[in-house]
Protein chains: 2
Amino acid sequence: MSKEPSIASYIESLFPSFEPELKRVLIENGTLKTFDAGEMLMQTGQNMRSTILIVEGLVKLYREGDEGNEFFMYYLQPGNACALSMICATRQETSQVMAKAVEPTKGLMIPISLMDTLMKEYKTWYYFVLETYRNRFEELLTVIDNISFKSMDERLEFYLAKQYRDLNTRKLQITHSEIANDLNSSREVISRLLKKMEQRGELSLHRNYISYLK
Amino acid sequence: MSKEPSIASYIESLFPSFEPELKRVLIENGTLKTFDAGEMLMQTGQNMRSTILIVEGLVKLYREGDEGNEFFMYYLQPGNACALSMICATRQETSQVMAKAVEPTKGLMIPISLMDTLMKEYKTWYYFVLETYRNRFEELLTVIDNISFKSMDERLEFYLAKQYRDLNTRKLQITHSEIANDLNSSREVISRLLKKMEQRGELSLHRNYISYLK
DNA sequence: CAATGAAGGTGACTTAGGTCACCTTAAAAA
DNA sequence: TTTTTAAGGTGACCTAAGTCACCTTCATTG
């Protein structure tokens, strides 16, 4: 049987800034949960019972429209926490956002009952929570900027640049219709814009992947 | 000389849920600041030195695009705190959002140096902060929903309904070009859509104001 | 190997919404 | 009272982007 990393080692490597006492509490009270690729960590209307710290994999956060259309917001990576699970957990409320594992993902689940104590007792935790909020808030603001002030081609460029940054690869394994979905556009439009970008030498198109060159 | 309400009375009436000790600390350390209509409370790139609790007036939060175009996000009213001033204050960072007083406004300024203690010592403060984040986060999500999934006429309806709710009057004192600005559209488009709504009996148009009938 | 399905390409068409030019009307200033 | 200015109305036009229909090209699977 292959040995998987312990909670302690995850915390040590991903959350080094946490004070020792806080680490101890998280190790004692957290449980690891595995999600398959494609599995939902959080669904519109679902009630949260824990806060999630991502320790492995990749999670995609998106908003769902009335007709089932999706709208990509941002990714969560190891070392990130789900801001929404924190807020909702604290207030015991439901969320209006979907979180889906895009790779096999592991999350450290922290029971909501612990939130009060953590906030009060551990300064590094409280900073971590505020930091998380701030970052996600800023991401949402960027999203708003893009959809309200930018045209589709600019949004597409931004999207690809973000994929390149977040996934850390020039070979973007994504189809045109997935992009269209994420941007709430349509495949044909995306294909046409991508071709223009290719002509400008910004990328090269292949079946099932895009080589991002900028 | 007319007597203005004391900090204590503001806190008592607007933040009744705060624990007595917290109220005392805020009264001792907060200072009232007055802003004229039109004055900025916060500007893109400005460094925050205090967190602001609104105690009188009305504040409009908006995002600014590259070409100076504005984009309305939400209002702050007495009893609200500026979520952004809290985050930025804590992290000593700059904000990318504009906050402008639309009416003469008074804010209770809480020095950032106090934030740590408040968070740690007073549960009601920490709840208040989380609540503030959550609400603003939700507002941003609604904004995203609107601009990405809805067409202009739906957005206009939503906008007017929100004005009616937030400002608590059926007589909306606003010009067509102001609306166009807030929605990042153009006056002609808004005028045409408003006329259609009038024909449907949802409102009646006048010079400088709109009677909202729904 | 043939067949099926997913990915992608392309032309023709539609439409919401932005832009331009110019007009009228009401209110405030002079 | 006249003048000026801001608010609003309107037709003509343009364009980005969504939609439809149909095609080609791979890759997988029976």
Side-chain angles (χ1 to χ4, degrees), chain A residues 37-38 65-72 102 143 145-160 163 171-200 202-212, chain B residues 37-38 65-72 143-160 163 171-200 202-212:
Chain A
D66 294 334
E67 290 102 31
N69 34 7
E70 303 176 358
F71 189 91
F72 171 68
V102 293
V143 167
D145 276 0
N146 283 328
I147 46 186
S148 62
F149 298 134
K150 307 261 160 90
S151 54
M152 212 35 154
D153 52 350
E154 294 175 290
R155 288 177 56 200
L156 179 57
E157 292 205 39
F158 184 88
Y159 175 86
L160 294 174
Q163 297 290 318
K171 187 175 175 180
L172 308 177
Q173 305 240 9
I174 194 166
T175 68
H176 299 187
S177 46
E178 283 177 293
I179 300 176
N181 247 317
D182 284 353
L183 295 175
N184 201 44
S185 173
S186 72
R187 181 187 61 80
E188 295 94 319
V189 172
I190 298 300
S191 286
R192 283 194 260 264
L193 291 175
L194 281 173
K195 174 163 284 184
K196 276 185 203 158
M197 291 179 73
E198 188 179 38
Q199 283 162 0
R200 273 183 271 132
E202 297 170 21
L203 43 77
S204 75
L205 298 173
H206 312 269
R207 196 184 180 81
N208 287 315
Y209 75 97
I210 296 170
S211 296
Y212 187 69
Chain B
D66 294 334
E67 289 100 32
N69 34 5
E70 303 175 359
F71 189 92
F72 171 68
V143 168
I144 290 180
D145 276 359
N146 283 329
I147 44 187
S148 60
F149 298 134
K150 308 260 161 92
S151 53
M152 211 34 146
D153 53 349
E154 293 173 290
R155 289 176 55 200
L156 180 57
E157 293 205 39
F158 184 87
Y159 175 87
L160 293 174
Q163 297 289 317
K171 187 176 175 180
L172 308 176
Q173 306 238 9
I174 194 165
T175 68
H176 298 187
S177 45
E178 282 176 294
I179 299 176
N181 248 315
D182 284 353
L183 295 175
N184 201 42
S185 173
S186 72
R187 181 187 60 81
E188 295 94 319
V189 171
I190 298 300
S191 286
R192 284 193 259 263
L193 291 175
L194 281 173
K195 173 162 285 183
K196 276 186 204 156
M197 291 180 73
E198 188 179 38
Q199 283 161 2
R200 273 184 270 131
E202 297 170 22
L203 42 77
S204 75
L205 298 172
H206 312 269
R207 196 186 181 79
N208 288 314
Y209 75 96
I210 296 170
S211 297
Y212 187 68

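None of these values were measured; they are calculated from a predicted model. Lettering of chains follows the sequences in order, A, B, ..., and the numbering in each one begins at 1.
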> Expressed in angstrom and rounded to an integer, what is the separation of B:Leu194 atom CG from C:dG17 atom P?
Replying inline: 13 Å
> Can you check the A:Asn181 CG to D:dG18 C1' distance for me, whole Å?
Replying inline: 14 Å
> ring-ring contact (aromatic ring centres under 6.0 Å, His included) with B:Phe149: which residues, sequence neighbours excluded?
Replying inline: none
>> Looking at B:Glu198 and B:Leu205, would you say the former's side chain and the latter's main chain have a donor-acceptor pair under 3.5 Å?
In response: yes
> Can you tell me how far P of C:dG18 sits from CG of B:Asn184, to the nearest Å?
Replying inline: 8 Å
> Which residues in residues 148-158 of chain A have at least one heavy atom lying under 4.0 Å from any atom of DNA chain C?
Replying inline: none
> Please walk me through it: do A:Ile179 and A:Leu183 pass side chain to side chain contact (heavy atoms under 4.5 Å, CB included)?
Replying inline: CA-CA 6 Å; A:Ile179 300 176; A:Leu183 295 175; 3.9 Å; yes
For residues 185-192 of chain A, which side-chain N or O atoms pair as donor and acceptor with protein atoms under 3.5 Å away, sequence neighbours left out?
from     : atom 1 : to       : atom 2 : distance (Å)
A:Ser191 : OG     : A:His176 : ND1    : 2.8
A:Ser191 : OG     : A:Arg187 : O      : 3.3

> Under the 3.5 angstrom rule, does the side chain of B:Glu178 hit a backbone N or O of B:Thr175 as a donor-acceptor pair?
Replying inline: yes
> Within the distance-only criterion (no hydrogens, no angle test), does the side chain of A:Asn146 pair as donor or acceptor with the backbone N or O of A:Arg155 below 3.5 angstrom?
Replying inline: no
> In B/S/- notation, 5' to 3', how is nucleotides 22-30 of chain C contacted by protein heavy atoms closer than 4.0 Å?
Replying inline: ---BB----
> Below 4.0 angstrom from OP1 or OP2 of D:dC26, is there any side-chain N or O of A:His206?
Replying inline: no
>> Taking any heavy-atom pair under 4.0 Å as a contact, classify A:Ser186: base, sugar-phosphate, or nothing.
In response: base
> Looking at residues at least two apart in the chain, or sitting in another chain, which of them share a salt bridge (Lys or Arg N to Asp or Glu O under 4.0 Å) with A:Glu202?
Replying inline: A:Arg200
> Quick one: B:Lys196 NZ to C:dG17 C1', roughly how many Å, whole number?
Replying inline: 10 Å
> OP1, OP2 of C:dG9 versus side-chain N and O of A:Ser191: anything below 4.0 Å?
Replying inline: yes
> Does OP1 or OP2 of C:dA6 have a side-chain N or O of A:Ser177 closer than 4.0 Å?
Replying inline: no
> Is B:Asn184 reaching over with its side chain to a backbone N or O of A:Ser148, donor-acceptor style, under 3.5 angstrom?
Replying inline: yes
>> Assuming nearest nucleotide by heavy-atom distance, tell me which of B:His176 and A:Arg192 is located more 5' along DNA chain D.
In response: B:His176
> Nearest-Å distance, CD1 (A:Ile190) to P (C:dG8)?
Replying inline: 12 Å
> Who are the ring-ring contact (aromatic ring centres under 6.0 Å, His included) partners of B:Tyr209, not counting sequence neighbours?
Replying inline: B:His206
>> Rounded to whole Å, how long is the line connecting atom CD1 of B:Ile174 with atom P of D:dA7?
In response: 12 Å
> Separation of A:Leu205 atom CG from D:dT25 atom P, in whole Å?
Replying inline: 16 Å
> Nearest-Å distance, CD (B:Glu188) to P (D:dA12)?
Replying inline: 15 Å
